[in-house]
Novice: 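Let me begin by handing over the structure; questions about it come next.
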Amino acid sequence: MSFNYTDIRAQFPILSRQVNGKPLVYLDSAASAQKPRAVIDAMVHAMEHSYANVHRGLHTLANETTDAYEAAREAARRLVNAGSVNEIVFTKGATEAINLVAASVGLTLSAGDEIIVSEMEHHANLIPWHFLRERKGVVLRFVPVTDEGALDLDAYEALLGPRTKVVALTHMSNVTGAVSDTARIVAGARRVDAMVLLDGCQSIAHQPVDVVALDCDFFVFSSHKLYGPTGFGVLYGKADRLAEMAPYQGGGEMIGIVSMERITYADPPHRFEAGTPPILEAIGFGAAVEWLETVDRAAAAAHEHALYARAVEGLRDLNGLRILGTTPDKGAILSFTLEGAHAHDVAQILDRYGVAVRAGTHCAEPLMRRFGVTSSARASFALYNTPEEADAFVDALHRASSFFA
Ligand SMILES: Cc1ncc(COP(=O)(O)O)c(C=O)c1O
């Protein structure tokens with residue numbers, strides 16, 4: 001295991017391209033990360049050499065593909081340190097994973113039951129719970145966010161009560177980068193016997209995750225933010241939780257027996273994987289995990305932090321800059337506004353210099369409102385970014401700011 005960002009970078013073919021006549025500076029990995037050669041090759045290899053539908057066939061290609069698909073489940077298990085592959089449900093992304101939990105758990109909730117979310121959730125961890133508010137009369141309680149961009153956990157603890165059934169919170173904010181104090185979150189939920197879902201979309205890319213140590217009931221993330229393909233995600237669920245949950249979708253491969261009168265369901269995880277799954281994407285995801293296992297993740301995280309700190313330092317004197325999210329030990333996510341400038345304009349000007357950042361609400365409208373802004377720009381650093389790229393971003397943002405002076 002090692003970490004050398006120059007070697008790592010060389011494994012991402014797209015990073016050597018130019019944009020608008022300038023070298024690409026890709027600072028949008030929190031939205032979707034680029035893919036290493038190992039992932040690209042694994043997917044191409046599967047299509048060229050061993051591809052068929054999974055779990056159904058008796059022929060060689062079907063068996064080989066099923067083995068590769070299930071190897072990805074074992075890779076996901078290792079990634080989050082789950083106790084068993086049966087606790088790993090494949091989905092098409094974090095959004096589907098949360099919808100699955102909300103739809104299934106929602107069947108057991110009654111009007112007046114309470115679900116705790118926060119002001120800084122991504123819409124993926126808000127709308128499925130809002131569905132339950134609309135459809136079942138459950139009550140949503142919102143953990144407020146501090147001025148530094150973290151969850152206010154004193155307020156969280158005050159929200160917990162006998163009607164609290166689910167606590168669904170982000171592990172790392174996609175806007176402020178704040179890392180949640182999960183020990184306190186889980187301890188509070190246990191006191192009222194509520195289940196805990198952690199949205200790990202951002203944390204999974206920046207820090208090691210151990211679901212046993214976290215002791216959460218559910219942990220969700222998407223492959224595409226972890227250097228794997230789109231259209232694929234993981235729901236980790238504790239075995240006893242999954243066992244008591246009704247299926248989310250019906251179709252092939254999720255059943256026990258089917259007759260004209262009745263049906264029975266397969267055990268988890270297959271109970272939750274109706275229909276032909278994203279096979280190639282699973283194989284690509286498995287390759288991404290295997291590739292990450294060759295990387296020193298602690299060194300990668302330190303590198304990302306150093307890039308973040310370097311950019312913040314370079315922007316210290318920039319008039320009108322406001323950084324959203326100033327907690328220590330945050331993820332390498334730099335969301336900001338520039339006085340007098342719309343975030344979309346900032347992003348477009350940066351693009352002229354080859355610098356790719358995200359701009360908008362980041363699917364976190366309540367948080368934008370909390371900070372009193374309509375949108376913000378976001379530069380997110382990944383393990384393949386370089387100090388020179390952090391400097392190029394700082395330089396481009398200084399130049400962009402002169403357009404609005
Ligand atoms: C914190 C967080 N949660 C959930 C999501 C939704 O992920 P996906 O669109 O891959 O389902 C994202 C994506 O940006 C995210 O950053």
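Predicted model, so just to flag it, every value in this text is computed and none were measured. All ligand and atom numbering here is 1-based and tracks the order in the structure.
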Novice: Which ligand 1 atoms, with their elements, are less than 4.0 angstrom from a heavy-atom of Asn174?
Specialist: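 Once the distances to Asn174 are compared, the set is 1 (C), 16 (O).
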
Novice: Phe218 and Tyr236: aromatic ring centres closer than 6.0 Å?
Specialist: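 Between Phe218 and Tyr236, the centre distance exceeds or equals 6.0 Å.
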
Novice: Would a line drawn from the ring center of Phe272 to the ring center of Tyr248 be shorter than 6.0 Å?
Specialist: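 Not under 6.0 Å, so no.
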
Novice: Which of the numbered atoms in ligand 1 are under 4.0 angstrom from any heavy atom belonging to Ala124?
Specialist: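 By the 4.0 Å cutoff, the relevant atoms are 4 (C), 6 (C).
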
Novice: Taking NZ, NE, NH1 and NH2 as the nitrogens, is one of them in Lys22 or Asp351 under 4.0 Å from a carboxylate oxygen of the other?
Specialist: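 So Lys22 does not pair with Asp351 through a salt bridge.
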
Novice: What residue and atom, counting heavy atoms only, is the protein's closest point to atom 15 (C) of ligand 1, and at what distance?
Specialist: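 Heavy-atom neighbour on the protein nearest atom 15 (C) of ligand 1: His122 CD2, 3.3 Å.
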
Novice: Geometry only, no angles: is Gln202 polar-contacting ligand 1 at N/O separations under 3.5 Å?
Specialist: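 Gln202 vs ligand 1: N/O contact under 3.5 Å present.
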
Novice: Give the residue, atom name and distance (to 0.1 Å) of the protein heavy atom nearest atom 11 (O) of ligand 1.
Specialist: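 Answer, as residue, atom name and distance: Thr95 OG1, 2.6 Å.
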
Novice: Is Glu121 close enough to touch ligand 1? Criterion: a residue heavy atom under 4.0 Å from a ligand atom.
Specialist: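 No heavy atom of Glu121 comes that close to ligand 1.
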
Novice: Does the separation of the ring centres of His270 and Tyr265 fall below 6.0 angstrom?
Specialist: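 Distance test on ring centres: not under 6.0 Å, no.
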
Novice: Is His224 close enough to touch ligand 1? Criterion: a residue heavy atom under 4.0 Å from a ligand atom.
Specialist: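 Yes, His224 has a heavy atom closer than 4.0 Å to ligand 1.
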
Novice: Could you pull out, from Ala30, Gly200, Ser222, the option with a heavy atom nearest to atom 8 (P) of ligand 1?
Specialist: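 Considering heavy atoms of Ala30, Gly200, Ser222, the nearest to atom 8 (P) of ligand 1 sits in Ser222.
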
Novice: Apply the test ring pair (Phe, Tyr, Trp, His ring centres under 6.0 Å) to residues His171 and Phe219: give CA-CA distance (whole Å), side-chain angles for both, the deciding distance (0.1 Å), then the verdict.
Specialist: CA-CA 9 Å; His171 193 198; Phe219 186 92; 5.8 Å; yes

Novice: Is there a nitrogen or oxygen of Lys225 sitting under 3.5 Å from a nitrogen or oxygen of ligand 1?
Specialist: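 Yes; at least one N/O pair falls below 3.5 Å.
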
Novice: Counting N and O atoms only, with roles assigned by atom type, does the side chain of Lys165 sit under 3.5 Å from a partner on the main chain of Arg163, one being a donor and the other an acceptor?
Specialist: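 No; judged by distance alone, with no hydrogens or angles, the pair does not exist.
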
Novice: Applying ring pair (Phe, Tyr, Trp, His ring centres under 6.0 Å) between Tyr384 and each of Phe12, Tyr5, Trp291, Phe3, report the one that passes.
Specialist: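 The residue from Phe12, Tyr5, Trp291, Phe3 that satisfies ring pair (Phe, Tyr, Trp, His ring centres under 6.0 Å) with Tyr384 turns out to be Phe12.
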
Novice: Compute the minimum heavy-atom distance from Asp199 to ligand 1 and say whether it is under 4.0 Å.
Specialist: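 A heavy atom of Asp199 does come that close to ligand 1.
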
Novice: Would Phe285 and His224 satisfy ring pair (Phe, Tyr, Trp, His ring centres under 6.0 Å), going step by step from the backbone distance to the final call?
Specialist: CA-CA 8 Å; Phe285 165 76; His224 68 98; over 10 Å; no

Novice: So if I count the atoms of ligand 1 from 1 in the order they appear, which ones are less than 4.0 Å from some heavy atom of Ala94?
Specialist: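 Atoms satisfying the 4.0 Å criterion: 7 (O), 11 (O).
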
